[in-house]
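Excluded from the calculations below are hydrogen atoms, water molecules and symmetry mates; all remaining heavy atoms, backbone and side chain alike, are included. Start at 1 and go down the list; that is how both ligands and their atoms are numbered.
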Amino acid sequence: MKAVVLAAGQGTRMRPLSESVPKPMLPVADRPLVAHTVDAAITAGADEIVLVIGYEGETVRDYFGSEYRGTPVSYAVQDEQTGTADAVNAARAHLDGPFAVLNGDNLYDQAAIDRLFEACPAVCAIEVDEPSNYGVLSTDESGGDYVTGIVEKPAEPPTNLANAGAYAFPAEAREWLEVPASERGEHEITDVVARVIEAYEMTPVTLERWLDVGRPWELLEANEWKLADLDRRIDGDVSEDATLEGDVVVEDGATVEPGVVIEGPALIREGADVGPNAYVRGATLVGPDAEVGHAVEIKNSVVSRGTSVSHLSYVGDSVLGRDVNLGAGTNVANLRHDDADIKFTVKGERVTTGRRKFGVVAGDGAKTGINTSLTPGLKLESGVTTRPGETVERDR
Ligand code: TTP
């Protein structure tokens with residue numbers, strides 16, 4: 001079965017991180033987010049991957065090429081991001097039998113994707129506490145063997161089964177991809193699913209674990225998940241005077257200097273330099289060519305390619321984009337004194353992250369002056385600078 005992986009979206013809720021790197025290519029452990037989806041499809045038995053690309057799509061194409069893990073990869077370009085049904089429709093010319101569709105920004109448990117492919121026609125569902133924020137599936141009353149309906153964000157949800165963005169469609173669905181625009185003006189795949197439900201017995205496949213990576217703190221959660229799956233491996237240059245505890249991966253070409261303590265899960269990628277005397281706590285990704293220097297403590301954070309936190313800093317629960325530079329003595333607060341959940345600005349609105357601990361999100365090329373203090377849930381846009389000694393309490 002071919003698997004169509006949707007990776008054309010603009011990732012507007014992920015800004016500023018998705019400004020130059022498209023969301024599907026943001027780092028999750030040792031590979032881009034979308035590679036985890038592609039891996040799941042290949043492991044489940046996909047014989048070809050069709051990647052739908054659009055926004056900054058060439059970086060996706062450069063990463064996967066025409067073959068990935070021995071499986072052919074082809075591309076369909078969606079010029080305008082007008083919805084998920086439209087994205088699948090862009091891949092229509094590639095389809096010639098039953099096909100799977102997976103969101104390229106979701107993490108799934110592998111066993112469920114295996115079952116999805118076996119049970120075609122089928123749709124993945126996840127049990128959630130507040131189904132009204134999702135597409136909700138209803139199932140037959142005699143035991144939930146097949147799906148009887150799908151409704152977007154209902155006020156009175158019929159079940160607590162949310163649509164998890166993974167589908168196995170019969171060949172005929174290829175002819176049903178042109179659906180009218182929904183109320184929010186998008187051509188939505190839920191309308192295609194509704195049509196399949198009418199014509200076929202569609203099996204609900206319940207996921208044990210699922211993550212929709214839409215906002216910056218969900219990128220942290222994605223890294224928490226996938227870093228925890230890594231097994232200890234030390235291929236880089238590690239000083240005898242460094243202490244590496246638990247599942248720590250130091251890639252070939254990375255350097256860990258004397259006095260460093262790393263507590264897994266942690267991944268130090270090729271070309272990265274840690275120490276001397278740094279303290280890296282789980283779950284942390286230190287990206288390719290990044291630097292974590294003397295007397296820096298960093299925990300539960302993503303440090304992207306080429307970023308430097310070189311001297312005397314604390315960084316907690318934060319996502320630093322590419323080529324960020326935190327000046328000496330920059331400190332990140334990741335906890336409020338009243339213990340309330342941290343809020344963050346998504347598309348101009350303050351929303352709760354649901355996290356008691358969350359630090360800063362810095363866009364590519366942001367730079368802080370020495371002794372900058374950054375308050376919890378702060379966003380620094382790409383290229384922004386702060387002055388020495390500033391306390392930054394509002395997004396820049
Ligand atoms: P969304 O998460 O709805 O959209 P997005 O990823 O662009 O993010 P945002 O809302 O923050 O702007 O999309 C779900 C999946 O479908 C995701 O993998 C991107 C993909 N997609 C397309 O490929 N084309 C489209 O036109 C849309 C809307 C989404």
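In terms of polar-atom proximity, Glu80 is not counted as a contact of ligand 1, lacking any N or O under 3.5 Å from an N or O of the ligand. Of the N or O atoms in Ala87, none lie within a sub-3.5 Å distance of an N or O in ligand 1. Remark: ligand 1 and Leu6 share an N or O pair separated by less than 3.5 Å (distance only, no angle test).
Side-chain contact check for Val52 versus Val4: some heavy-atom pair is nearer than 4.5 Å. The side-chain heavy atoms of Thr43 and Ile113, taken from C-beta on, include no pair separated by under 4.5 Å.
Counting atoms of ligand 1 from 1 in the listed order, those under 4.0 Å from a heavy atom of Thr12 are 9 (P), 11 (O), 12 (O). Proximity to Gln10 (heavy-atom distance under 4.0 Å) selects the following atoms of ligand 1: 7 (O). Atoms of ligand 1 lying under 4.0 Å from any heavy atom of Asp105, numbered from 1 in the order shown and given with element: 2 (O), 6 (O), 15 (C), 17 (C), 18 (O). Applying the 4.0 Å criterion to heavy atoms of Lys23 picks out, from ligand 1, the atoms 2 (O), 5 (P), 6 (O), 8 (O). Listed by number with element, the atoms of ligand 1 under 4.0 angstrom from any heavy atom of Glu186 are 28 (C). Atoms of ligand 1 found under 4.0 Å from any heavy atom of Gly9 (numbered from 1 in listed order, with element): 7 (O), 19 (C), 21 (N), 22 (C), 23 (O).
Side-chain contact check for Thr206 and Glu127: no donor-acceptor pair (N or O, by modelled atom type) lies under 3.5 Å.
Residue-level proximity to ligand 1 for Ala8 is carried by backbone and side chain together, each with a heavy atom below 4.0 angstrom. Contacts between Val52 and ligand 1, counted as non-hydrogen atom pairs separated by less than 4.0 Å, are absent for every part of the residue. Here Gln78 has side-chain heavy atoms under 4.0 Å from ligand 1, and that is the only part of it that gets that close.
With respect to Val360, the side-chain contact (heavy atoms from CB on, under 4.5 Å) criterion is satisfied by exactly one of Asn334, Leu326, Thr330, Leu378: Leu378.
In terms of protein heavy atoms, atom 15 (C) of ligand 1 is closest to Asn103 OD1, 3.6 Å. The single protein non-hydrogen atom nearest to atom 5 (P) of ligand 1 is Gly11 N, 3.7 Å, given as residue, atom name and distance.
Every heavy atom of Asp86 sits 4.0 Å or more from the atoms of ligand 1. A heavy-atom separation below 4.0 Å is found between Thr84 and ligand 1.
Ring geometry for Phe358 versus Trp217: interplanar angle over 60°, hence perpendicular rather than tilted (30 to 60°). Classified by interplanar angle (parallel below 30°, tilted 30° to 60°, perpendicular above 60°), the ring pair Phe64/Tyr68 is perpendicular.
Note that atom 3 (O) of ligand 1 has no protein non-hydrogen atoms nearby, at separations under 4.0 angstrom.
The number of heavy-atom neighbours closer than 6.0 Å to CD of Glu156, taken from other residues, nucleotides and ligands shown, is 12 or below.
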